[in-house]
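Encoded as structure tokens, the structure appears first; notes follow it.
All chains are named by letter (A, B, ...) in the order of the sequence lines, taking the proteins before the strands, and each is independently numbered beginning at 1.
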Amino acid sequence: MLKIHCLGILQSKVGQAVCEVDWPQNNSIETALATLVEAHPAVASELPRCACAIGDEIVPRSYQLQAGDELVLLPPVGGG
Amino acid sequence: MLKIHCLGILQSKVGQAVCEVDWPQNNSIETALATLVEAHPAVASELPRCACAIGDEIVPRSYQLQAGDELVLLPPVGGG
Amino acid sequence: MTTLSSQPLDLDALLAETEDDSAGALVVFSGTIRNHHDNKSVERLSYTAYEPIAKKAIAEIEQEVKDKFGVSRCRIIHRIGDLEIGDIAIHCVVRSAHRGEAFEAAKYAIDTTKSRVPIWKEEHYSDGTSVFREGTPLKT
Amino acid sequence: MTTLSSQPLDLDALLAETEDDSAGALVVFSGTIRNHHDNKSVERLSYTAYEPIAKKAIAEIEQEVKDKFGVSRCRIIHRIGDLEIGDIAIHCVVRSAHRGEAFEAAKYAIDTTKSRVPIWKEEHYSDGTSVFREGTPLKT
């Protein structure tokens, strides 16, 4: 299982802050996101504008997820 | 006698905050300033850049001084 | 140095922290919660952040502002959690020798914080509805 | 409302005085006494004002800033007397709905105060000399 942290508007679309998706190990973020959309179709329209992070690093969607990684999805930001 | 208030750098040139000059009544500020320069030649170089005020109003040098008027000389300003 | 806080922000502490005898200009930008947006009446705002990257991004922006504008001090602190009308969401403090670059730097600090720091605001309206404010996609 | 003061300036009081629930942006410019000018080491500054016109001019600038930039609040307070390094000589406080005009307005407020308000500063250097800083002639 892969833990995906859904922040901001994604949390309200998914209904929870963290969701777990089935996920064949050592695959890319791109693949994991496709699995997330199957479980939660409401996030599909948001994902193109989201950044992906592992820990404190922004990573590209081609990033190969490793065992123990938790994926963090960051929708468009706007503090202040 | 006419009281002339010398502010900022003028006070340091004249050596006092207020000086009194002999002054033929009902004459212009221009005339009063000429009298001031006779008594305090050090102010001559400053006067062209000074504004003149009576009370809380800036007045032109053509202003005719009235009995009871006190002339205030305001050198170039720079607070902040 | 604190960059995110769930407690009310303390401007005096930030001013004390940034004191600099060589700086003649101080510019502070503060964002406060206002009671309206797009003609809707706002009741409160909830700010959330992804802290690991938000803290790092704010620290990077502070350094970038100092390098880019040659100002001696730049500190940014953002509040998270539930805020009421009039509460302060962010302080950006810049000190420099002269005022021109202090204004430029403070403006850059708030603009950049809004577009590069993973913080989100959900606006709660008087009619009971709420909306996540449109934001800027992070550069990837 | 106080526009000139011989006492240390109180920013918190000015922020409380200008509170406005409709304003999301607050910009403060503060001028502080710095320890150097033109490569000379500064010990202290003496500010003097011609109060009857200085108070009137500051009140006029506050109103002009609100009219010109459409900001809801503008307050300016200037200290007079002897100031030490780090002391605050002036606060300009602007509040408005959005930040763009708040920055513009605060910059205009300090620029205009420097050029239109009869206040003078005499800079006292570590070597015992002092100089009146060059200023801007008032418009007549």
Could you tell me which non-hydrogen atom of [X] sits nearest to which non-hydrogen atom of [Y], and how far apart they are?
| X | Y | answer |
| --- | --- | --- |
| Ala51(A) | Leu138(C) | CB-CB, 3.8 Å |
| Gly135(C) | Pro76(A) | C-CB, 3.4 Å |
| Tyr50(C) | Ala53(A) | CE2-CB, 4.4 Å |

Considering only heavy atoms, which portion of Arg116(C) lies under 4.5 Å from any heavy atom of chain A: side chain, backbone, both, or neither?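 Backbone of Arg116(C) only, per the 4.5 Å heavy-atom cut-off to chain A.
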Using heavy-atom distances under 4.5 Å, tell me whether Lys139(C) contacts chain A through its side chain, its backbone, both, or neither.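 For Lys139(C), backbone heavy atoms alone lie under 4.5 Å from chain A.
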* **Backbone of Gly79(A) reached by a side-chain donor or acceptor of Lys114(C) within 3.5 Å** =>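 At least one qualifying donor-acceptor pair exists.
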Kindly say whether Gly80(A) contributes a backbone atom to a donor-acceptor pair with the side chain of Tyr47(C) at under 3.5 angstrom?
->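 It does hold such a pair.
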Tell me which of these, Cys50(A), Pro75(A), Ser12(A), has more heavy-atom pairs under 4.5 Å with chain C than the rest.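 Greatest number of close heavy-atom pairs with chain C: Pro75(A).
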Next on the checklist: Looking at chain C, which one of Asp56(A), Val72(A), Val59(A) has the largest number of heavy-atom pairs inside 4.5 Å, strictly under?
Outcome noted: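 Among Asp56(A), Val72(A), Val59(A), the one with the most close pairs to chain C is Asp56(A).
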**Request:** Determine, step by step, whether Glu57(A) and Lys56(C) satisfy the side chain to side chain contact (heavy atoms under 4.5 Å, CB included) criterion, reporting the C-alpha distance in whole Å, the side-chain angles of both residues, the deciding distance to 0.1 Å, and the verdict.
**Result:** CA-CA 10 Å; Glu57(A) 296 290 341; Lys56(C) 204 171 75 160; 3.3 Å; yes
Where does Pro48(A) contact chain C at under 4.5 Å (heavy atoms): side chain, backbone, both or neither?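 Nothing of Pro48(A), per the 4.5 Å heavy-atom cut-off to chain C.
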Exercise for the section: Show your working on side chain to side chain contact (heavy atoms under 4.5 Å, CB included) between Ile9(A) and Trp120(C) and close with a plain yes or no. Expected result: CA-CA 8 Å; Ile9(A) 193 169; Trp120(C) 303 277; over 6 Å; no
Among Thr140(C), Thr136(C), Ile90(C), which residue has the highest count of heavy-atom pairs closer than 4.5 Å to chain A?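 When all of Thr140(C), Thr136(C), Ile90(C) are compared, Thr136(C) has the most.
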*asked:* Let's test your reading of the structure: which of Arg133(C), Glu122(C), His78(C) forms the most heavy-atom pairs below 4.5 Å with chain A?
replied: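 Most heavy-atom pairs within the cutoff with chain A belong to His78(C).
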Rounded to the nearest 0.5 Å, how far does CD1 of Ile119(C) lie from CG of Leu74(A)?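 The distance works out to 12.0 Å.
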Taking side chain as C-beta onward, heavy atoms only, is Val77(A) less than 4.5 Å from Val117(C)?
->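 Not in contact.
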